[in-house]
Amino acid sequence: MSIKVKAFQDKRKDSNNLWYFRAIHPSTINRDTLADRIQANCTVKRSDVLAVLTELVEVMNYELSNGNKVLLDGFGYFYIGVKSIGSIEKEDLDIEQNIQGFRCGFLPTGTRDTATGITSRTFCSGLKAQRYDA
């Protein structure tokens, strides 16, 4: 497994124009493709997989919009975060003025090595980088 990476230069103010690698995602896998792959790997029919994936999205949307975190065991946590503008005084904070929007966050589950303190995240173990210069 390899992740394609491409060089890019950060030209933002105060960035010193340093170069970095950025992950490149040449394609997107959609729900139908996931259903096909899941069907190929187990005894559940594609239509059943699609029904479950469709309902999962609806239920997660409901739970997240009610302020809950959603944990899919072995997968990770989904949660809603707030983008807001700071205020010098706590009393000056106003929901209408300071909240700019919301974002959905995801934190993959992982295992923590007690000796090193390093957490290995689901979906990130065993990866290697491959330069992408297209």
Side-chain angles (χ1 to χ4, degrees):
M1 293 183 284
S2 66
I3 302 299
K4 292 174 179 50
V5 295
K6 189 173 185 177
F8 81 98
Q9 189 174 26
D10 187 351
K11 295 185 178 186
R12 293 177 294 178
K13 184 179 175 183
D14 299 329
S15 71
N16 296 325
N17 293 325
L18 295 176
W19 286 84
Y20 299 91
F21 280 111
R22 177 177 287 162
I24 301 299
H25 309 285
S27 62
T28 300
I29 304 302
N30 63 20
R31 184 190 62 175
D32 289 336
T33 302
L34 287 174
D36 289 340
R37 290 195 181 165
I38 291 170
Q39 175 184 268
N41 291 334
C42 66
T43 60
V44 180
K45 288 187 175 186
R46 182 180 188 279
S47 59
D48 296 326
V49 174
L50 283 171
V52 170
L53 291 174
T54 300
E55 191 60 26
L56 176 65
V57 171
E58 290 182 26
V59 170
M60 285 182 61
N61 186 43
Y62 175 82
E63 293 299 337
L64 290 168
S65 67
N66 282 297
N68 296 317
K69 286 194 292 186
V70 175
L71 169 63
L72 299 177
D73 296 319
F75 193 79
Y77 286 94
F78 291 85
Y79 59 92
I80 298 297
V82 175
K83 291 168 40 175
S84 72
I85 300 170
S87 181
I88 295 172
E89 298 293 331
K90 181 180 178 180
E91 295 77 24
D92 294 336
L93 281 174
D94 179 76
I95 287 177
E96 299 296 324
Q97 300 275 335
N98 294 84
I99 293 181
Q100 293 181 312
F102 302 93
R103 57 180 163 56
C104 182
F106 172 70
L107 180 63
T109 55
T111 55
R112 186 171 184 84
D113 184 326
T114 54
T116 63
I118 296 173
T119 300
S120 176
R121 296 283 173 198
T122 303
F123 312 120
C124 295
S125 61
L127 295 177
K128 294 187 184 333
Q130 176 185 3
R131 189 179 281 267
Y132 182 82
D133 291 320

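In what follows, every heavy atom counts, from backbone to side chain, and hydrogens, waters and symmetry copies are set aside.
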Quick check against the 3.5 Å criterion: does [X] have a side-chain atom that pairs as donor or acceptor with the backbone of [Y]?
X	Y	answer
Asn16	Leu18	no
Asn66	Tyr62	yes
Gln9	Asn17	yes
Asn41	Arg37	yes

Would you say the side chain of [Y] lies within less than 4.5 Å of the side chain of [X], judging by non-hydrogen atoms?
X	Y	result
Val49	Leu53	yes
Val44	Ile38	no
Val5	Tyr132	no
Glu63	Phe78	no
Pro26	Lys4	yes

What distance separates [X] [atom1] from [Y] [atom2], expressed to the nearest 0.5 Å?
X	Y	atom1	atom2	value
Arg46	Leu34	CZ	CG	10.5 Å
Met60	Ser65	CE	OG	11.5 Å
Leu64	Ile80	CG	CD1	4.5 Å

Residues [X] and [Y]: side-chain donor-acceptor under 3.5 angstrom:
X	Y	value
Ser120	Thr111	no
Thr33	Asp36	no
Thr54	Arg31	yes

Does the cation-pi check pass for Lys69 over Tyr79, that is, NZ or CZ under 6.0 Å from the six-membered ring centre and within 45° of its axis?
->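 Negative - Lys69 is either too far from the ring of Tyr79 or too far off its axis.
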Of the non-hydrogen atoms in Ile3 and Ala23, which two are nearest, and what is the gap between them?
-> CG2-CB, 4.1 Å
Closest heavy-atom contact between Pro108 and Arg121?
-> O-NH1, 2.8 Å
Can you give each donor-acceptor pair under 3.5 Å made by side-chain atoms of residues 88-99, sequence neighbours left out, with the distance rounded to 0.1 Å?
| from | atom 1 | to | atom 2 | distance (Å) |
| --- | --- | --- | --- | --- |
| Asp94 | OD2 | Glu96 | N | 3.2 |
| Asp94 | OD2 | Gln97 | N | 2.9 |
| Asn98 | OD1 | Asp94 | N | 2.8 |
| Asn98 | ND2 | Ile85 | O | 2.9 |

Counting only heavy atoms not in Arg22, do more than 12 sit closer than 6.0 Å to its CZ atom?
-> no
Is Val70 linked to Phe123 within one hydrophobic cluster, defined over Ile, Leu, Val, Met, Phe, Trp and Tyr using a side-chain heavy-atom separation of less than 4.5 Å?
-> yes
So Phe75 and Phe106, would you call those rings parallel, tilted or perpendicular, with 30° and 60° as cut-offs?
->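 Geometry flag for Phe106 against Phe75: tilted rings.
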Assess whether side-chain contact (heavy atoms from CB on, under 4.5 Å) is satisfied between Asp73 and Leu71, documenting all intermediate values.
-> CA-CA 6 Å; Asp73 296 319; Leu71 169 63; 3.3 Å; yes
Stepwise side-chain contact (heavy atoms from CB on, under 4.5 Å) check, Val82 with Gln100 = CA-CA 8 Å; Val82 175; Gln100 293 181 312; over 6 Å; no
Asp133 and Lys6 ion-paired at < 4.0 Å |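 No, no charged N to carboxylate O under 4.0 Å.
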